Protein chains: 2
Amino acid sequence: MVNMTSDRRGSRREAKTVQILTAAWDLARRDGLAGISLRDLADQVGLRQPSLYVYFASKNELYDRMFTDGYQQLLGALNAQRVDDDPRVALSDMVALMVQQASDDPVRHQLLFQRPLVDFEPGEGSWSLAVEFFDFATRRLAGVGVTDTADVDLFTAVIAGLSAQQVANDPGGTRWVEQADRIVTILVDAVARPASSPS
Amino acid sequence: MVNMTSDRRGSRREAKTVQILTAAWDLARRDGLAGISLRDLADQVGLRQPSLYVYFASKNELYDRMFTDGYQQLLGALNAQRVDDDPRVALSDMVALMVQQASDDPVRHQLLFQRPLVDFEPGEGSWSLAVEFFDFATRRLAGVGVTDTADVDLFTAVIAGLSAQQVANDPGGTRWVEQADRIVTILVDAVARPASSPS
DNA sequence: GTCTATACATCGATAGAC
DNA sequence: GTCTATCGATGTATAGAC
């Protein structure tokens, strides 16, 4: 029993799958995630609509592949970023990068962090990447001493808020990206010494 | 020329319109905003699908009415809230109320503050209510001395973030609502005395 | 693996009788 | 103002030939 999907003969199939996935992201950026039509998608990759079912068992499976693909892209960007020696700067860099990523690809941000598709629920395997991402962020927060749930909630809200405003009111820009360092500094200071106790 | 829409004979029509609007919100909460079907909507109000066109010229006009209706609801809640003498507390109260409102009705929050419908663009008249809301928030921020664009951006991001997290991760709860007062205090303090200048 | 053909459902919107 | 009937488009998915 050879593994048919990972040996040499599977490469063509994988390449086509990647091509379809890329076209799906393009269509989602144009028509919205829910607006992806399998006919349009097939046209984009030089296939007839029913032929897509050779590569994906259903539209839901397509969304699932996009979901994992999106997290892989995001984790790739995070891991490619240099980690500053100062944990606070490292956290600020991560927050700025995440807001920047949301600004660069609002549709991906929407699929990963909002719940824009009523019928779509990510499969079990897909969640592992989301967990991996969450662990990454948790470690960065722990680096500056933020471990309490309430404190973590503050930071997740700030990241979500900067991203949401960036996407909704300055798509492609940096208006809220530029606020990342400032607000992280403010929050870290405030959480580090809880009450307003002047030294 | 009498005004047919506001005299006594118009009341039946207005009542039916309100009934349809209420049913539309219910359907949106069940199937999502984009998932509203005019056939389902007609069923809910005891009409046949084509009869809805007596009250709304198109599905887009229905969304437009929901948009203005949503802002009226939100402004109503804000105006009904007691205004604390302390401007900082008044601001905190507003932020907490907005996050609570988002938690109570995520679909309304989605329609008013995100852009979930690709084809829908609010009509001119509808934006006036959005402006009215924005002015309301601006005045509260000015009360604590926040007028610079960058500072205002910080607060709008925080409100958006608390709401987004509340809706996505604790719908119907108060986990992020409870963070409103704390983060407003932190931000007001930080913005009021910009640098970290110990007294 | 790709195709043609098609089933089957649902949608928004319009025409015209009553 | 409400209805029946229907149009025309679009959607996912399947059957079966090649």
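From a predicted model like this one, the values you see are computed outputs, not experimental measurements. Chain A is the first sequence line, chain B the second, and so forth, proteins listed ahead of strands; every chain is numbered from 1.
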Would you call [X] and [Y] a salt bridge, using N to O less than 4.0 angstrom?
X: A:Asp40; Y: A:Arg30; value: yes
X: B:Asp64; Y: B:Lys59; value: no
X: A:Asp93; Y: A:Arg82; value: no
X: B:Arg88; Y: B:Asp181; value: yes
X: A:Asp135; Y: A:Arg140; value: no

What is the distance, rounded to the nearest whole Å, between atom [atom1] of [X] and atom [atom2] of [N]?
X: A:Asp40; N: D:dA9; atom1: CG; atom2: P; answer: 16 Å
X: A:Lys16; N: C:dC3; atom1: NZ; atom2: C1'; answer: 14 Å
X: B:Leu52; N: D:dT2; atom1: CG; atom2: P; answer: 10 Å
X: B:Leu47; N: D:dT2; atom1: CG; atom2: C1'; answer: 8 Å
X: A:Asp119; N: C:dA9; atom1: CG; atom2: P; answer: 17 Å
X: A:Leu27; N: D:dG11; atom1: CG; atom2: C1'; answer: 14 Å
X: B:Arg48; N: D:dT6; atom1: CZ; atom2: P; answer: 15 Å

- Task: Quick one: sort the A:Trp127 and A:Phe67 rings into parallel, tilted or perpendicular, breaks at 30° and 60°.
- Result: perpendicular
- Message: Looking at C:dC3, I'd like to know if its phosphate oxygens (OP1 or OP2) sit under 4.0 Å from a side-chain N or O belonging to A:Ser51.
- Response: yes
- Query: Base, backbone or nothing for each nucleotide of nucleotides 12-18 of chain C, written B, S, -, heavy atoms under 4.0 angstrom, 5' to 3'?
  - Reply: BBB----
- Query: What is the nucleic acid contact for A:Phe56, judged by heavy atoms within less than 4.0 Å: base, sugar-phosphate only, or nothing?
  - Reply: nothing
